[in-house]
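Working notes, beginning with the structure itself.
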Amino acid sequence: MPDIDIKEILSTYDKKNLVIATVCSHSSLQIFNGARKEGFKTLGISVGERKKIYDAFPLGKPDEFLTVDSYTDIIKHSAELREKNVIVIPHGSFVEYLGAEKFLTLPLPTFGNRKVLLWESDRKKEKQWLKSAGITMPKQIKNPEDIDSPVIVKYHGAKGGKGFFIAKTYEEFLKRVEKNKPYFIQEFVLGTRYYLHYFYSPIQNNAYKLEKGSLQLLSMDRRDETTIDEVQRLGSIAELEELGIHPTFVVTGNIPIVMRESLLPKVFKMGEAVVERSIELFGGIIGSFCLETVVTEDLEFKVFEISARIVAGTNPYISGSPYSELIQLDLSTGRRIAQEIKYANKKNVLDKILS
Ligand code: AMP
């Protein structure tokens with residue numbers, strides 16, 4: 001990973017006029033709205049003409065736009081963005097469309113620890129991190145001939161669950177698999193899905209205490225995925241599969257959810273373990289992250305994925321969630337990010353939360 005000297009860049013910044021910027025998509029309305037609530041100026045990086053939509057949401061509209069033709073053009077504008085004292089908030093679309101490698105070299109102060117990408121985007125390393133933190137993950141099936149219960153087959157780098165499929169037998173797997181694409185087979189965990197939205201601050205001690213800093217649970221959601229989540233309106237999945245209609249896992253939206261309160265201690269234990277291990281492995285996952293879980297009938301969590309930044313599942317909570325309302329009224333993840341930047345700036349420790 002290239003060494004970007006954040007301290008050096010920050011030393012040229014006018015700290016009284018920091019600007020919060022992100023790419024206009026994903027959770028940008030929430031990020032701009034949250035930054036505005038904390039008194040920051042905002043800048044929207046619009047890839048192509050996306051500006052018009054923001055006129056419809058004045059409280060989520062950035063103060064100014066930078067329009068670029070493509071994601072890679074953002075890098076060309078970094079000097080201009082630095083002159084504006086920009087701090088970038090990465091989100092899923094930003095990182096995915098710019099590409100992890102380019103994102104790592106973006107010469108702009110970005111919220112969070114970019115090193116996490118090296119652990120998150122590589123399935124083997126992700127597993128090593130989570131397993132060594134004591135997290136239970138779905139079983140991996142190395143040899144497709146060993147499929148003897150439902151599995152989910154995931155293609156590497158598939159965007160938004162596209163192309164994933166379920167197989168219950170080796171024969172079904174053979175019928176469906178596209179052999180030329182690298183894939184990964186995982187136990188299909190039966191249970192209910194919870195996408196848990198955490199926030200880890202290495203510099204504040206006002207929440208669930210960790211060795212260093214503290215952890216919050218800001219919200220949780222369930223993703224709405226087409227067609228799997230509604231396909232049963234037409235018939236059972238087994239029936240439909242026989243007719244050659246296969247469910248897909250393409251995310252279209254997010255549904256708010258709360259969990260039975262007795263499970264919260266486990267939620268915090270998992271979050272704690274993931275953070276503590278990340279500190280040992282790469283200096284820590286900073287700010288927002290999400291554990292994507294299935295809760296089984298034995299009330300055990302199986303974590304099938306981690307997202308190391310703000311997830312779109314936080315969008316239902318622009319004016320607070322049933323959890324964040326117990327921390328501070330009207331607190332979204334976007335606002336919490338802005339608060340962290342404001343606090344770090346006040347204490348002169350911005351380099352502890354930016355990379
Ligand atoms: P992912 O791209 O890994 O987030 O997976 C896309 C979707 O597939 C998830 O949101 C879940 O609905 C489903 N999914 C992924 N892994 C599993 C699993 N091991 N068991 C059951 N469902 C899963």
Side-chain angles (χ1 to χ4, degrees), residues 26-27 91-93 95-97 100 116-117 119-127 129-131 135-142 144 146-169 172-173 176-178 181-198 219-232 237-238 241 246-257 259 270 274 288-316:
H26 190 271
S27 45
H91 54 56
S93 307
V95 177
E96 185 157 320
Y97 295 120
V116 70
L117 258 175
W119 289 82
E120 177 201 21
S121 58
D122 176 332
R123 273 199 195 278
K124 274 202 196 117
K125 289 191 107 175
E126 182 191 37
K127 192 167 154 190
W129 169 17
L130 298 182
K131 286 248 172 169
I135 298 293
T136 310
M137 297 182 78
K139 270 201 307 274
Q140 189 188 341
I141 292 92
K142 294 218 170 91
D146 295 339
I147 298 174
D148 58 4
S149 56
V151 296
I152 178 163
V153 182
K154 304 180 176 186
Y155 292 108
H156 290 281
K159 294 190 185 10
K162 204 152 197 267
F164 288 10
F165 67 92
I166 302 172
K168 291 177 284 312
T169 59
E172 247 181 23
F173 168 84
R176 296 289 311 283
V177 73
E178 292 179 54
K181 287 199 212 162
Y183 58 79
F184 173 86
I185 309 174
Q186 213 173 50
E187 161 199 13
F188 187 91
V189 184
L190 285 177
T192 44
R193 287 170 299 133
Y194 289 84
Y195 299 72
L196 311 169
H197 315 146
Y198 299 88
S219 48
M220 51 184 81
D221 79 297
R222 173 171 300 166
R223 282 192 200 152
D224 213 8
E225 293 172 325
T226 185
T227 59
I228 182 90
D229 288 339
E230 298 248 16
V231 76
Q232 57 280 6
I237 291 179
E241 294 259 10
H246 303 290
T248 52
F249 295 84
V250 178
V251 181
T252 54
N254 303 86
I255 305 167
I257 201 162
M259 181 178 278
M270 286 194 299
V274 166
S288 4
F289 69 98
C290 171
L291 293 183
E292 303 181 7
T293 75
V294 179
V295 184
T296 67
E297 60 185 347
D298 300 322
L299 301 181
E300 294 299 337
F301 284 84
K302 294 206 179 176
V303 175
F304 57 89
E305 195 85 74
I306 182 167
S307 290
R309 59 199 60 74
I310 184 170
V311 289
T314 59
N315 285 339

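In listed order, ligands and their atoms are each counted from 1. Throughout, residue positions are numbered sequentially from 1 according to the sequence presented. Predicted model, so just to flag it, every value in this text is computed and none were measured.
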[X] to [Y] - nearest heavy-atom pair and separation:
| X | Y | answer |
| --- | --- | --- |
| Pro247 | Ile228 | CB-CD1, 3.7 Å |
| Glu120 | Ala308 | OE2-N, 2.9 Å |
| Ile141 | Gln186 | CD1-C, 3.9 Å |
| Asp229 | Arg193 | OD1-NH2, 3.2 Å |

Are Arg222 and Tyr194 in a cation-pi contact, defined as NZ or CZ under 6.0 Å from the six-membered ring centre and within 45° of the axis?
yes
Determine, considering heavy atoms only, which of Phe249, Tyr195, Tyr155 sits nearest to atom 8 (O) of ligand 1.
Phe249
Polar proximity ligand 1 side, Gln186 side, N/O cut 3.5 Å exclusive:
yes
So, is Val294 polar-close to ligand 1, with some N/O to N/O distance under 3.5 Å?
no
All salt bridge (charged side-chain N to carboxylate O under 4.0 Å, His left out) counterparts of Glu305, not counting sequence neighbours:
none
Atoms of ligand 1, numbered as shown, that sit under 4.0 Å from any heavy atom of [X]:
| X | result |
| --- | --- |
| Lys154 | 3 (O), 15 (C), 16 (N) |
| Pro138 | 19 (N) |
| Arg193 | 11 (C), 12 (O) |
| Glu187 | 18 (C), 19 (N), 20 (N) |

I need the contact type for Glu225 against ligand 1. Using non-hydrogen atoms and a strict under-4.0 Å cut-off, is it side chain, backbone, both or neither?
side chain
